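Heads up: the structure comes next, in structure tokens.
Keep in mind it's a predicted model, so treat the numbers as computed, not measured. Chain A is the first sequence line, chain B the second, and so forth, proteins listed ahead of strands; every chain is numbered from 1.
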Amino acid sequence: MREGDLTWLIGGPQGGGINVSAETFAKYAARTGLRVFANIEYHSNIMGEHSYYRVRASREQRHSVLDQVNVVVALDEETLIGRKHAHFTSHRGHVAEVESGGAVVFDTATKFNPETHERKDVVWVGLSMMDLLREALREFGREGDANRLRVMTNTVALGASVFVIGGDIGGLAEIYTEEFTGRRAQIGEMNARAAAIGYEAAQQALGGRAPYDLKSMTVGASLGAKRPMMLKGYASCGMAKLKAGLHIQTYYPISPATDESVFLESLQRDQNVLVVQCEDEISSIQMAIGAANAGARAATSTSGPGFALMVEGIGYASITEVSGPVIFLWQRGGPSTGLPTREEQGDLLFALHPAQGDFPHIVVAPGDDQEIYEDSFEVFNWVDRYHMPAVVLLDKYLQSSYKTVDELTLDNPVIDRGPRFNPADLQNGHGDGNGHRGGYEDGYLAFAMTESGVTPRAIPGQEGGIFWATSDEHNPRGHITEDATNRIEMMDKRMGKLELAAREIPSARKIGVYGPADADLTIVGWGSVKGSVLDAMDVLAKEGVKVNFVQIRLMRPFPVQEVTDALAGAKRLVLVECNYSGQLGGLVREMTGIHIPQYVVKYDGRPFSEEELVEALRQAISTDDARIHVSHLSA
Amino acid sequence: MREGDLTWLIGGPQGGGINVSAETFAKYAARTGLRVFANIEYHSNIMGEHSYYRVRASREQRHSVLDQVNVVVALDEETLIGRKHAHFTSHRGHVAEVESGGAVVFDTATKFNPETHERKDVVWVGLSMMDLLREALREFGREGDANRLRVMTNTVALGASVFVIGGDIGGLAEIYTEEFTGRRAQIGEMNARAAAIGYEAAQQALGGRAPYDLKSMTVGASLGAKRPMMLKGYASCGMAKLKAGLHIQTYYPISPATDESVFLESLQRDQNVLVVQCEDEISSIQMAIGAANAGARAATSTSGPGFALMVEGIGYASITEVSGPVIFLWQRGGPSTGLPTREEQGDLLFALHPAQGDFPHIVVAPGDDQEIYEDSFEVFNWVDRYHMPAVVLLDKYLQSSYKTVDELTLDNPVIDRGPRFNPADLQNGHGDGNGHRGGYEDGYLAFAMTESGVTPRAIPGQEGGIFWATSDEHNPRGHITEDATNRIEMMDKRMGKLELAAREIPSARKIGVYGPADADLTIVGWGSVKGSVLDAMDVLAKEGVKVNFVQIRLMRPFPVQEVTDALAGAKRLVLVECNYSGQLGGLVREMTGIHIPQYVVKYDGRPFSEEELVEALRQAISTDDARIHVSHLSA
Amino acid sequence: MAVTERPLTLNDYKEDEHNTWCPQCGDFAILNCIQRALAQLQIPPHMVAMYSGIGCSGKLPHYVNAFGFHTLHGRVMPNATGAKLANRNLTVMAVGGDGDGFGIGCGYFINAGRRNVDMTYIVFNNGVYGLTKGQGAPTLQRGMKTKSMPEPAIQDNLNPIALAIGSGYTFAARAYSLDIKAATDIISQAIEHKGTSFIDMVQTCPTYNDLMTKTWLEEKVEDRPRLYQLAGEGYDGVVHDPSNVHEVIAKKAQAVERSYEWGDRIPLGVFYQARLRTYEEELEERLPEYATTPLVEWETGERSVDALMDTFR
Amino acid sequence: MAVTERPLTLNDYKEDEHNTWCPQCGDFAILNCIQRALAQLQIPPHMVAMYSGIGCSGKLPHYVNAFGFHTLHGRVMPNATGAKLANRNLTVMAVGGDGDGFGIGCGYFINAGRRNVDMTYIVFNNGVYGLTKGQGAPTLQRGMKTKSMPEPAIQDNLNPIALAIGSGYTFAARAYSLDIKAATDIISQAIEHKGTSFIDMVQTCPTYNDLMTKTWLEEKVEDRPRLYQLAGEGYDGVVHDPSNVHEVIAKKAQAVERSYEWGDRIPLGVFYQARLRTYEEELEERLPEYATTPLVEWETGERSVDALMDTFR
Ligand SMILES: Cc1ncc(C[n+]2csc(CCOP(=O)(O)OP(=O)(O)O)c2C)c(N)n1
Ligand SMILES: Cc1ncc(C[n+]2csc(CCOP(=O)(O)OP(=O)(O)O)c2C)c(N)n1
Ligand code: SF4
Ligand code: SF4
Ligand SMILES: [Mg+2]
Ligand SMILES: [Mg+2]
């Protein structure tokens, strides 16, 4: 086992409750003062397919998962031995991933016989989960409900896990009793009891000797004044939107974006925010544009297939200089319907060139929860300042990874609605920004030329603010014209705003630089690979390999100078991306001329584990391989 | 006047018949043995807005228009003096464009008084068109129909034009009498007479002295065995599709794509081709995919806003490895609805990254009618060979420019339907290409691994050929799987086909190189700028400036090696594109690392005229300006 | 600017923008009717948001003095819906062509019916795709061939009124634009109706549609005018007790049956109307502030998420 | 492979692919009915092209031994149409969810009705978006809240049968999937119908929809079964003389009226059927070869365009 670093994995059929169990376990670990990083892998299926959830608990905060696990909890046979019927499977079950000396908790009801398994170096903890659950329920006189409550066998397994890792069962019991109160208090107590019985059964099965010693790991760990939050990226995103004063979110259900909208929906009443489920993504974006027209802070949230239907809307919002909307694009495995519940960073180039013609829009790609929080907040200020739509690029890994976070903070939590039309200004003759009037003598002109390129914007209902907007090329008043001079001025106005944004957006939001300046290897990456890269850098640093990381966060307007400067002195450059083609690599070359000679790519629908990336980086350092392809050979 | 090079322009309200008049004039010029290149500028409007059509007739074939004209025919006042009411107009009418000594034919009914015009150096030919028409009709006893037939005043003006350029009126009369036969013969005769009367009236007005001498221009010009064709790009495209064995074309009306579909529609009965007008572009592409699934050669045709709705279909066709469809993207001014009837090459980057994820598709961009013919033919072989969709990038300029073309030829007019499943093969055990069977023991596998990456394809109705196709990731049989190993193999299979295509497509189809090897300036460009570039090169060559041109034609798979080699020795590189951002410039840098330091761009919705480009290139040579922005200051 | 005290007149709704419709286009009359209806109802121009799709019809907002949004082809309804949801105080109107609304925009036409947001949708039924040169629109009957078409239509037309009712519109009417008074009246009623109102606006396109001409529409067949007012024949489309499901169904069925009459006789007027809860009224239950303040004016910028964050601890 | 001589049985239509529906899902019954109908009609598997959208329902073709195309969300109809136009000899079937068909795919559902291509479309009406975890689908009535929903629906449901009729479908029926015999029968009739046939297939989703359950559907209300066969009550939806416009309209009106019955009584069976010219039959007039040879077999590769080119000279 890595010093102060323990990974527990639970596997079972979808709909079988592994999510709740894993998140309970994660909370448990977090409350011992450890830091947690956890992630689920699951199928695009409602019930029955194999899913599994890893929870990594460590003294220091980690940002990626490990392939090697210490404890496996198997709720189905597939977790133990892989899938039998599937064509073409590479999935051999998760026992193969257990470190030597690690433990496997399983249900003896599966009829699995550990003796038949090739692993002789792991500790097998076979428990008759249903019998143990009955035992627990009996104490409440509810033995007869055992079948209905069978999902509580997971709790038994959790209790057993706590023994295996050398933890204190009281902490687990506490989580249950805290969670279920009032009329539901008995459920909490029954769970607490089931956990205790599982704990005892494991203790007995292992003759009182736990393979791991959580207590020694947590020596000196403290929780601080407040417990950390346990967050997934969708919640960090949703909270940022609320903080940013979001009025309306439209959506159409799609993995892995739905959770964010459902989160906001669940807060509708408390937070006074309107969430509208539309008939499709075309409607979602158009409705968001309509709301933005009317002055609302408007967002929509989707994944690749939905984004493909929104592209006309982006061009439309851009040519009509709408303040928004902001599109949250939660990437998943592509192309097409692809791998709906799996990880990929495959939509970067699409998000950058999403419609016909040249037009401005903002694309930003945060790399972790804090950045999601910052960018999802700030992007609303940007669209209000620059009058253009924006895309926030996220992905399944950011959405679903579950981790301890102490705080989400903003250095400047100010809401700026940008240049807005004020009827009083009109009387002073500059309601339109005092720019080129294009032949109109009076009245407000929503597309008048201004120095900055941004024209103060009116909203319907404002007296004196009447304007027209059209998806056709238009004059300062917003009426259609095909005049050549006007066309050029309007193109320059619109595209110029992108340069304005590039000048005004602070460097810290554009790129991030991590690690020593004099590194032997410089990693270039974006988005959710950030976590895996930071972890891998730590491992390599311990081996004495100096690595640093240039994270590109603002994709449009592209921070040409910042990236050029950051990469200028690099001794050796390597790209790390979770897609087939290394899309960022092409972009960097297009924008800066810098060619990254080595690409580490992964495109099997799973994020980089720490070990995979460490190994790939070692290969990058020790060879000249241009394409280092990492593949995940688990489920 | 340039030696052997005469430009005639007709302007008038839309719906007023200028198209027919201009094309009649173009035919007339072509039949004298001259070469013709002509183009129209018009509004997104049905009736009334100003449009104009230039016809350039020259001894050698030209491929672009000139700004400077020799003769203007004004059917409305706007042609004479520009637009009065319009806000923001830069349009001063076309008289400003007439060379000194040139002529303006106008209708005295407009009440325009030439004396008030600043141009004193042009010949004014004011005719009372309606009176002249009446005179002509009188001879047929149809004077009373004059109002109904008022569009024939254009013919009077044409006749006058023939005198002005020093032509022979008989040639014009012949066109009319050839065109109208049978029951409609009288119309031809009336037109012929109206033309003659216009001719005589101009002769009289100019005292018998024509400002130009067509006859001297045509000395030595001969028509060859056959008259040249008078073509617009849509027809060259449509004929290529017919030649390629197209079964079905789906479409939804949109400028400037509609003409191509209407052309095919008009040939339905003769050529036995099915043309379906759909409810929108989503339906158009999906229906084309369905037809391609069933084994048809299927195409759809659209412009930017429609393409934006097709993108999900491209990803779907790609992941399911359909043989097609081919999408003909006739670009127009963007973004969004933009400038529906104007020129722009603004969709290159969108067409290259049109959907989520990494997936293969072909993008090819022909630059003139011959290339349109070649590429529109060959692309059907490519989609059948590589089992992926393709985009043919065209534009408004290619669509509407009207020119003499002697022949459209194919070096290898062979239809190749690519690897198709043959039930007999199945019995020999290799119906699936004899590749990796992914755990299936028998039967045809439509996505089996093969050496080339292409799996022979069955079509519904073929016994033994049953397969499944899904937009989700799938196994060799086409069933959904999220297995990691399979995923990697399938991604490699699909993306590998793009490399196969890159290897097999001949270099001549990838890039074109024109001009001397030892040029001082190398132009990089694509698509419809080809014509303007070739003409500008000729002009510069005459001035002793050595320029060559690297035309990039195959955009995906990008011809990295060919482009690198072609640009390797260049002394000075300049990009010429008809868009704001110089999209190809970014692509070249991304793909080859070559930075083109100077961009000549035009984005006012009009194509490059020869003079504009010549001037811009002179500026490129004589300065280090990174951005040379050409703008059209006519209507 | 001071609040205008004088009554608003037709002129207050005019924007002096160069018009690019064909000289005899029926759209002029529709424009006129819309402006008259707004004046009739005395709705201040700055409180009107006029949305349109793409087509000849789509140009209409440019000629109206009101906030004008000329959106994308087929996308007028979700855009207008977004604006109305964001600001209930606005009078939101959507206009567009029959291609725009029933072809490319059909899914949005239908699904807007389900929502019943308080706004008005007027579809210009001219039988053709005007701006793209006269192809047959989804309203054109099978077998018909306008002068702009090379071949007759081989698809059935769809029935706008029947579809509107089948998808939940709570007001479905037909008007003939060249009968300015009656058409203005229907538009006023539609605006006043609470919920989504739909008008099948019969429009002549002299340039391309030589079948559905003014003459044809206005002529008599067997001594009876082709166009007739439903109300004049004792037809009552209004649901008097919306809580009575049987009445609702009976009125819908009656309307659908009558909607198939198109030929020698063409009915005009209100086919169906019911006062059902609007989407906004439904939202009030979830979001009480929605009842009192337009969404855009909510002080959402004042939110604190600290307590919310603590729920994750 | 030799042509099969023995009669085709249910097994001939089964593909042995790992099934990922929930154990009690109503989709199993639909799958069974479709396979039975194909066997009933003895259509060779390789002559069947089964198209689907995205959703739980969309997975169906993977379990059928026939050419299977699992397309995109909402795009099943144009895909299926393309295949049928390319090869008329195929039996083309489209299946999909109620979200797929009436939400995102609504415009294609409607516009397919106008075309009347000879194929069958079965929409699985389970009231929810199954695969995305039980949000309300467009078929869910206002005020209803399934266990998967946080709040009740605030939009009206749309009426599939009424919309199908309003948009021109020439066969519109409803079946209850758990009544295997009757549902199989309706599917067979739909396949045999010449023109586009539409089936509103009532499907239980025990995982998310706890309102429209087997129990609820099959229970009696006031002693009468909730589900009943239209035919059993003397209802006749068939147009006997399609050239008689009056009969066509009367039958449509009757069907629409009946389609609003959904509650204590839910009618099953054929609401409306008329034999009108199909799109393919219309095409035969333009393209005589279409009558005899499937489009994909036309020797289009033999075309010469030389004469065509000469027309430009
Ligand atoms: C996505 C898209 N496809 C096609 C077009 C081209 N287009 C412009 S207007 C129009 C049809 C207009 O017909 P209709 O909606 O009936 O309006 P009308 O002109 O008759 O008023 C079309 C197809 C477009 N603008 N956008
Ligand atoms: C463009 C797009 N948007 C969203 C999704 C996500 N999605 C998958 S299935 C589905 C809805 C399924 O509901 P329904 O059509 O009723 O089918 P069911 O699962 O109920 O059979 C959605 C929204 C998608 N695949 N594509
Ligand atoms: S084409 Fe028809 S609809 Fe369009 S402006 Fe002209 S008359 Fe009106
Ligand atoms: S979620 Fe519902 S529709 Fe989907 S498989 Fe499960 S039971 Fe069937
Ligand atoms: Mg129309
Ligand atoms: Mg459903």
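Here B:K226 contributes atom NZ and D:M309 contributes atom CE; the two are 9.5 Å apart, rounded to the nearest 0.5 Å. Taken to the nearest 0.5 Å, the CD atom of B:E407 stands 9.5 Å off from the CG atom of D:D306. The line from NE2 of B:H479 to CG of D:D16 is 8.5 Å long, rounded to the nearest 0.5 Å. Atom CG of D:L85 and atom NE2 of B:H247 lie 13.0 Å apart (nearest 0.5 Å). Atom CG of D:L295 sits about 13.0 Å away from atom CZ of B:R297, to the nearest 0.5 Å. If you take CD on B:E463 and NE2 on D:H46, they are separated by 4.5 Å, rounding to the nearest 0.5 Å.
For B:E279 and D:R115, the salt-bridge test passes: some basic side-chain N is under 4.0 Å from an acidic carboxylate O. Residues B:R477 and D:E15 are paired through a salt bridge, judged by an N-O separation under 4.0 Å between the basic side chain and the carboxylate.
Within the 4.5 Å cutoff, side-chain heavy atoms of D:R75 are placed close to those of B:I282.
Of all heavy-atom pairs between B:V273 and D:W298, the closest is N-CZ3, 4.4 Å. The shortest heavy-atom contact between D:E17 and B:I480 is OE2-O, 4.1 Å. D:R313 and B:R227 make their closest contact through NH1-O, 3.0 Å (heavy atoms, listed as atom of the first residue, atom of the second, distance).
Between chain D and the options B:V405, B:I248, B:V276, heavy-atom pairs under 4.5 Å are most frequent for B:V276. Contacts with chain D were tallied for B:I289, B:L274, B:I415; B:L274 has the most, counting heavy-atom pairs under 4.5 Å.
At a 4.5 Å heavy-atom cutoff, the contact between B:A296 and chain D is made by backbone and side-chain atoms alike. For B:F377, no part lies near chain D; criterion is any non-hydrogen pair under 4.5 Å. Proximity to chain D (any heavy atom under 4.5 Å) is shown, for B:D270, by neither the backbone nor the side chain. Interface remark: B:P460 contributes backbone and side-chain atoms alike to the contact with chain D (heavy atom separation under 4.5 Å). Heavy atoms of B:I319 lying under 4.5 Å from chain D are absent altogether. For a residue to count as touching a neighbouring chain, one of its non-hydrogen atoms must lie under 4.5 Å from one of that chain's; by this rule B:I285 does not touch chain D. Heavy atoms closer than 4.5 Å to chain D are found nowhere in B:K232, neither backbone nor side chain.
Remark: the backbone N or O of D:P61 is paired with a side-chain donor or acceptor of B:W468 at under 3.5 angstrom. Proximity of a side-chain donor or acceptor of D:R303 to a complementary backbone N or O of B:K243 within less than 3.5 Å is not detected. Proximity of a side-chain donor or acceptor of B:S471 to a complementary backbone N or O of D:L72 within less than 3.5 Å is not detected.
When only modelled atom types and interatomic distance are considered, D:Y290 and B:N272 share no side-chain donor-acceptor pair under 3.5 Å. If you check the side chains of B:E312 and D:H73, you find no donor sitting under 3.5 Å from an acceptor.
Between B:Y402 and D:F312, a ring centre-to-centre spacing not shorter than 6.0 Å is recorded.
Around the CG atom of B:D442, the shell of radius 6.0 Å holds no more than 12 heavy atoms that belong to other residues, nucleotides or ligands.
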